Amino acid sequence: MDWRGFAQQMASLARDLLAQESVNDTLDRITGSATELIDGCDAAGILLLRGRQVRSLAPTDQVVVESDALQERVGEGPCFDAARTSDGQRQYRIADFRDEAQRWPRYVPEARRLRLGSMMGFLLFTENEDLGALNLYSYRPGAFTEADETAGWLLASHAAVAFSSARTHAQLQEAIGTRHTIGEAMGILMGSHHLTEEQAFAALRKYSQDNNVKLRDLAARVCESGGLP
């Protein structure tokens, strides 16, 4: 591993990740960079695990989606173990799937049918939250070395910060948009029904609660129709 060259690539990637325009663009850049920067990585994806439900984000190949779905279906696998670990382990490396049949008896045979040979995974986390796991796949057994694991950990560390930043920015933009829409809806009600600002907001909130409609969705409908449904 040329660590000086890798450091230069990581510095360039860090700037590139922060320049992406959306969360999805950021995630695509993360997984794409994994296949570019990590020797032997044939495919990469980000897995979110909520209870026993799995979401595959930014997969670079269909095999990522199939592996994630397989772990959800059989209820076991390396991603499940990493997400549920209680010993603080944040990464793992599977040198050869053929040696793991006893550990994951239902997952491994199906993974071998997907032609998977080896795998690495890294939890994406910041000080305040866990964001999922970055998983790297190779069709060749023994593809990933200890140096590759270190490189993957460095990539995941950058990725977690960029992912968290992109998501926070998206949430802020959504909140600003929601606030603007609600304000516009209140203005419509104030003008059409001669209400005060407090009365208009109270009318929106009451309708939202009585009809189990999210306030932002209700506000958008008011803006489109010119009044409460």
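We're numbering straight along the sequence, starting at 1. All values derive from a computational prediction rather than experimental measurement.
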Practice task
Walk me through it: do F144 and E149 pass the test side chain to side chain contact (heavy atoms under 4.5 Å, CB included)?
Solution key: CA-CA 7 Å; F144 298 123; E149 185 174 358; over 6 Å; no

Quick one: does [X]'s side chain have a donor or acceptor within less than 3.5 Å of a partner on [Y]'s backbone?
X	Y	value
T181	A219	no
T35	G32	yes
D61	V63	yes
H158	L154	yes
E72	V54	yes
T60	A43	no
N211	Y207	yes
E110	L70	no

I need the [X] [atom1] to [Y] [atom2] distance, nearest 0.5 Å.
X	Y	atom1	atom2	value
S118	E100	OG	CD	11.0 Å
L218	I182	CG	CD1	9.0 Å
W153	R93	CH2	CZ	15.0 Å
L136	D42	CG	CG	10.5 Å
L47	Q71	CG	CD	6.5 Å
M120	F122	CE	CZ	4.0 Å

For [X] and [Y], work out which heavy atoms get closest and say how close.
X	Y	answer
A34	A44	CB-CB, 3.9 Å
I38	G152	CD1-N, 3.8 Å
D68	S56	OD2-OG, 2.7 Å
A200	M190	CB-CG, 3.6 Å
A185	C223	N-SG, 3.8 Å
N135	G121	OD1-CA, 3.6 Å

Practice task
Carefully, step by step, assess L57 and T31 under the rule side chain to side chain contact (heavy atoms under 4.5 Å, CB included).
Solution key: CA-CA 9 Å; L57 303 179; T31 55; over 6 Å; no

State, yes or no, whether a side-chain contact exists between [X] and [Y] at a heavy-atom distance under 4.5 Å.
X	Y	result
S33	L155	yes
M119	Y92	yes
L37	L13	yes
D16	Q20	yes
I94	W104	yes
I30	L17	yes
C41	Y137	no

Exercise for the section: Check the pair L204 / L189 against side chain to side chain contact (heavy atoms under 4.5 Å, CB included), numbers first and verdict last. Expected result: CA-CA 9 Å; L204 286 172; L189 296 183; 3.8 Å; yes

Exercise for the section: With R112 as the cation and F97 as the aromatic partner, state whether NZ or CZ is under 6.0 Å from the six-membered ring centre and within 45° of the axis. Expected result: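 No; the conditions do not both hold, so R112 does not lie above the ring face of F97.
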
Problem - N-O pairing of E36 and R29 below 4.0 Å - result: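 R29 and E36: salt-bridged.
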
Problem - Side-chain ion pair, R221 and E224, N-O less than 4.0 Å - result: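 Salt bridge: no.
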
Exercise for the section: Determine whether V222 and L195 fall in the same hydrophobic cluster, where Ile, Leu, Val, Met, Phe, Trp and Tyr are linked whenever their side-chain heavy atoms lie under 4.5 Å apart. Expected result: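 In one cluster with V222: L195, yes.
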
Practice task
May I have the step-by-step check of side chain to side chain contact (heavy atoms under 4.5 Å, CB included) for Q8 and F6, ending in yes or no?
Solution key: CA-CA 5 Å; Q8 292 173 336; F6 184 79; over 6 Å; no

Exercise for the section: Evaluate whether atom CD of Q62 has more than 12 neighbouring non-hydrogen atoms of other residues, nucleotides or ligands under 6.0 angstrom away. Expected result: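 Yes, because the 6.0 Å sphere around CD of Q62 holds more than 12 heavy atoms from other groups.
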
